[in-house]
S.K.: 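Here's a structure for you.
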Amino acid sequence: MRLTDYFLPTLKEDPAEAQIVSHRLMLRAGMVRQSAAGIYSWLPLGLRVLRKIEAIVREEQNLAGAIEVLMPTLQPADIWRESGRYEDYGKEMLRITDRAERDLLYGPTNEELITQIFRDSVRSYKELPRNLYHIQWKFRDEIRPRFGVMRGREFLMKDAYSFDIDEAAARVAYQKMFIAYLRTFARLGLRAIPVAADTGPIGGDLSHEFIILADTGESEVFCHADLLQRPAPAADYSGDLAAAIAPFTELYARSDEKHEPEVFEADVPAEKRVTARGIEVGHIFYFGQKYSEPMQCRVAGPDGKEIAVHGGSYGIGVSRLVGGIIEACHDDAGIVWPWAVAPFQIGVINLKPGDAETDDLSERLYAALTQKGLDVLYDQRDERAGGKFSDMDLIGLPWQAIIGPRGAAAGEIEIKNRKNGEKQTLDFDAACAMLAGPPTD
RNA sequence: CGGGGCAUGGCGCAGUCUGGUAGCGCACCUGGUUUGGGACCAGGGGGUCGCAAGUUCGAAUCUUGCUGCCCCGACCA
């Protein structure tokens, strides 16, 4: 993409309304614009990141055997009356009336809707297990939206819903999602810690929040240091699932609300105790027959008797992750994108548009990299060098390829690693090879 | 929802206390000089001062009401 043909409204100064670093950087980097409190428009650069995260989430869900659907943002109130949550949900639920005075709502979540779909279509235990997910916008009318897209009212979320014949089977569905989540966050370039979460009225050990570490995170996490080193499990969903997740559940890991200092000190040696701040980016839990009972979602079991199915739900805050990744990956100059979610992997900076040799080398590099299927942003604007460097640092592409008249005359390209700032000068072929993959370190 | 703050050109702000023809920096447009980390000179465009009512000869400024946004707290992917 040529920057001269793109839409990238960067800001030199910090907008007054943004306090938290990710919010400031998203506004300055031209990723989003606020429309109302907690409601954002996604500009091209931000949308690219959102889509990349979404794609990784989708791939890992599919690998784990979940099946994608797409439910609407607006739902009829009736099914929420069936589950009893229409009254319970309170003012967080945005309620809407259509022209025929029918009660609708902008969905804050989709348990009722998916349960309705499932119960109307599935009659036998032979069609279980199933896990259906979608990636859709939700709305929760938060009392106080803040932190940009991290605590918005409208947000993009992946939510999956599992259907099983009994608790033992539901546990398997839960473990699959547990693994998928570990893999998803690792691929996004994040360290996510699963912490035991409140299971509410159901009880049991089947609820975890996934927290990514960031200094500006909202919640405090207490965990064993070794948790931070463990690699995500392989995508082997027919193997021993319990064994695959054991490394992540056997060590102490709790958020501040469930933290017990005595247990922490007893279970974790002093040098292994980690206290950090984090952002909740995923939540999985088993809720049993909470919705299937009141909503009559039943299937015939092997003995012919009808059983209300056992359900679980599994959320990932896709739009929140955009902010969360920035919280975890930035420096004083701007964003530092992980390779997997960078809106473009490489920024080519032509320092002297109009100079024949500089133009020629820049164009050739841009064409060669694009040919390889890489996402390249080519800055050939007639701007000062300083402005281009600052913008490129701000938007945080992993590699910068800088081409000026002196280097161009010698056929040389300067490569800058955005993360550690290291620069090296390479010839054309070596530069192409280097830029084709993520920077090391 | 309780407490606090803000609203003046695209962005950041001054002016409000003490009423008198709306200003600064950046950005933008034109011309020129510049050109490896956010240049310089000259000229120029753009604002019913959040909305409404009131006080006054006169309101960005005083009064009342409303709306929007931000921050702190209790709640959430």
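Note on naming: letters A, B, ... go to the chains in the order of the sequence lines (proteins, then strands), and numbering restarts at 1 for each one.
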S.K.: Quantified in whole Å, what is the C1' atom distance between nucleotide B/rA74 and nucleotide B/rA27?
M.R.: 42 Å
S.K.: For residues 341-361 of chain A, pull every pair meeting salt bridge (charged side-chain N to carboxylate O under 4.0 Å, His left out), keeping only residues two or more places apart or in separate chains.
M.R.: A/Asp360-A/Arg364
S.K.: Just name whichever nucleotide pairs with B/rA22, Watson-Crick or G-U, keeping both distances under 3.5 Å, else none.
M.R.: none
S.K.: Counting any heavy atom closer than 4.0 Å, what does A/Glu280 reach on the DNA or RNA strands: base, sugar-phosphate only, or nothing?
M.R.: sugar-phosphate
S.K.: Could you tell me how far B/rU16 sits from B/rG2 if I compare only their P atoms? Round to whole Å.
M.R.: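 It works out to 33 Å between them.
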S.K.: Would you classify A/Asp14 as touching base, sugar-phosphate or nothing, given that sugar-phosphate means primed atoms plus P, OP1 and OP2, and contacts are heavy atoms under 4.0 Å?
M.R.: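 Here A/Asp14 touches the backbone only, sparing every base.
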S.K.: Base, sugar-phosphate, or nothing: which does A/Glu218 touch, judged by heavy atoms less than 4.0 Å apart?
M.R.: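 Result for A/Glu218 = base.
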S.K.: Just name whichever nucleotide pairs with B/rG2, Watson-Crick or G-U, keeping both distances under 3.5 Å, else none.
M.R.: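 By the stated definition (distances under 3.5 Å), B/rC72 pairs with B/rG2.
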S.K.: Per the side chain to side chain donor-acceptor pair (under 3.5 Å) rule, which among A/Asn417, A/Asp393, A/Asp379 passes with A/Gln400?
M.R.: A/Asp393
S.K.: Heavy atoms under 4.0 Å, any strand shown: does A/Gly404 hit a base, just sugar-phosphate, or nothing?
M.R.: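 If one applies the 4.0 Å heavy-atom cut-off, A/Gly404 turns out to touch a base.
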S.K.: Return the 5'-most residue of the pair A/Asp382, A/Ala18 with respect to RNA chain B, ranking by each residue's nearest nucleotide.
M.R.: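 The residue mapped nearer the 5' terminus is A/Asp382.
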S.K.: Sticking with atom C1', work out how far B/rU21 lies from B/rA60, rounded to a whole angstrom.
M.R.: 13 Å
S.K.: Can you see whether A/Gln34 engages A/Tyr40 through a side-chain donor-acceptor pair at a distance of less than 3.5 angstrom?
M.R.: yes
S.K.: Just say parallel, tilted or perpendicular for the rings of A/Tyr6 and A/Phe344, cut-offs at 30° and 60°.
M.R.: perpendicular
S.K.: Looking across every strand, which nucleic acid part, if any, lies under 4.0 Å from A/Ile143 by heavy atom: base, sugar-phosphate, or nothing?
M.R.: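 Base contact - A/Ile143 has a heavy atom under 4.0 Å of at least one base atom.
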S.K.: In this structure, are over 12 heavy atoms from other groups packed under 6.0 Å from A/Asp88 atom CG?
M.R.: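 It does: A/Asp88 CG has more than 12 such atoms within range.
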S.K.: Under 4.5 Å between any side-chain heavy atoms of A/Leu321 and A/Ile316, yes or no?
M.R.: yes
S.K.: Compute the ring centroids of A/His224 and A/Tyr252, then answer whether they are less than 6.0 Å apart.
M.R.: no
S.K.: Hunt down the Watson-Crick or G-U wobble partner of B/rU16, both distances under 3.5 Å, from any strand shown, or write none.
M.R.: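 B/rU16 is paired with nothing.
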S.K.: Just checking A/Gln34: base, sugar-phosphate only, or nothing, at a heavy-atom cut-off of under 4.0 Å?
M.R.: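 Touches sugar-phosphate only.
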S.K.: Just checking A/Val281: base, sugar-phosphate only, or nothing, at a heavy-atom cut-off of under 4.0 Å?
M.R.: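 Counting heavy atoms under 4.0 Å across all strands, the contact made by A/Val281 is with sugar-phosphate only.
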S.K.: For nucleotides B/rG46 and B/rA52, find the distance between their C1' atoms and express it as a whole number of Å.
M.R.: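 The answer is 26 Å between these two C1' atoms.
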S.K.: Within the structure shown, what part of the strands sits under 4.0 Å from A/Glu17 by heavy-atom distance: base, sugar-phosphate, or nothing?
M.R.: sugar-phosphate
S.K.: Using atom P in both nucleotides, what's the gap between B/rG4 and B/rG10 to the nearest angstrom?
M.R.: 32 Å
S.K.: With a 4.0 Å cut-off on heavy atoms, is A/Gly152 in touch with a base, just the backbone sugar-phosphate, or nothing at all?
M.R.: base
S.K.: Using 30° and 60° as the class boundaries, would you call the ring planes of A/Tyr174 and A/Phe178 parallel, tilted or perpendicular?
M.R.: tilted
S.K.: Could you check A/Ile402 against A/Ser319 and say which one's nearest nucleotide on RNA chain B is further toward the 5' end?
M.R.: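 Its nucleotide being nearer the 5' end, the pick is A/Ile402.
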S.K.: With both distances under 3.5 Å as the test, what is the Watson-Crick or G-U wobble partner of B/rA7?
M.R.: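 Pairing partner: B/rU67.
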S.K.: Do A/Trp80 and A/Tyr89 have their ring centres less than 6.0 Å from each other?
M.R.: yes
S.K.: Sticking with atom P, work out how far B/rC28 lies from B/rC75, rounded to a whole angstrom.
M.R.: 47 Å
S.K.: Between B/rG44 and B/rA59, how far apart are the P atoms? Round to whole Å, please.
M.R.: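 So the two P atoms sit 30 Å from each other.
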S.K.: First and last nucleotide of RNA chain B in contact with chain A, 5' to 3', at under 4.0 Å to a heavy atom: what are they?
M.R.: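 Answer, 5' to 3': B/rC1 to B/rA77.
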S.K.: How is A/Lys388 classified with respect to the nucleic acid when contacts are heavy atoms under 4.0 Å: base, sugar-phosphate, or nothing?
M.R.: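 No contact.
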S.K.: Determine the contact category for A/Glu383: base if any of its heavy atoms lies under 4.0 Å from a base atom, sugar-phosphate if only primed atoms, P, OP1 or OP2 are that close, otherwise nothing.
M.R.: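 Contact class for A/Glu383: none.
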S.K.: Identify the nucleotide, in any strand shown, that forms a Watson-Crick or G-U wobble pair with B/rG31, with both distances under 3.5 Å; if there is none, say none.
M.R.: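 By the stated definition (distances under 3.5 Å), B/rC41 pairs with B/rG31.
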S.K.: Taking B/rG25 as the reference, what is the distance to B/rU67 when you measure between their C1' atoms (whole Å, please)?
M.R.: 30 Å
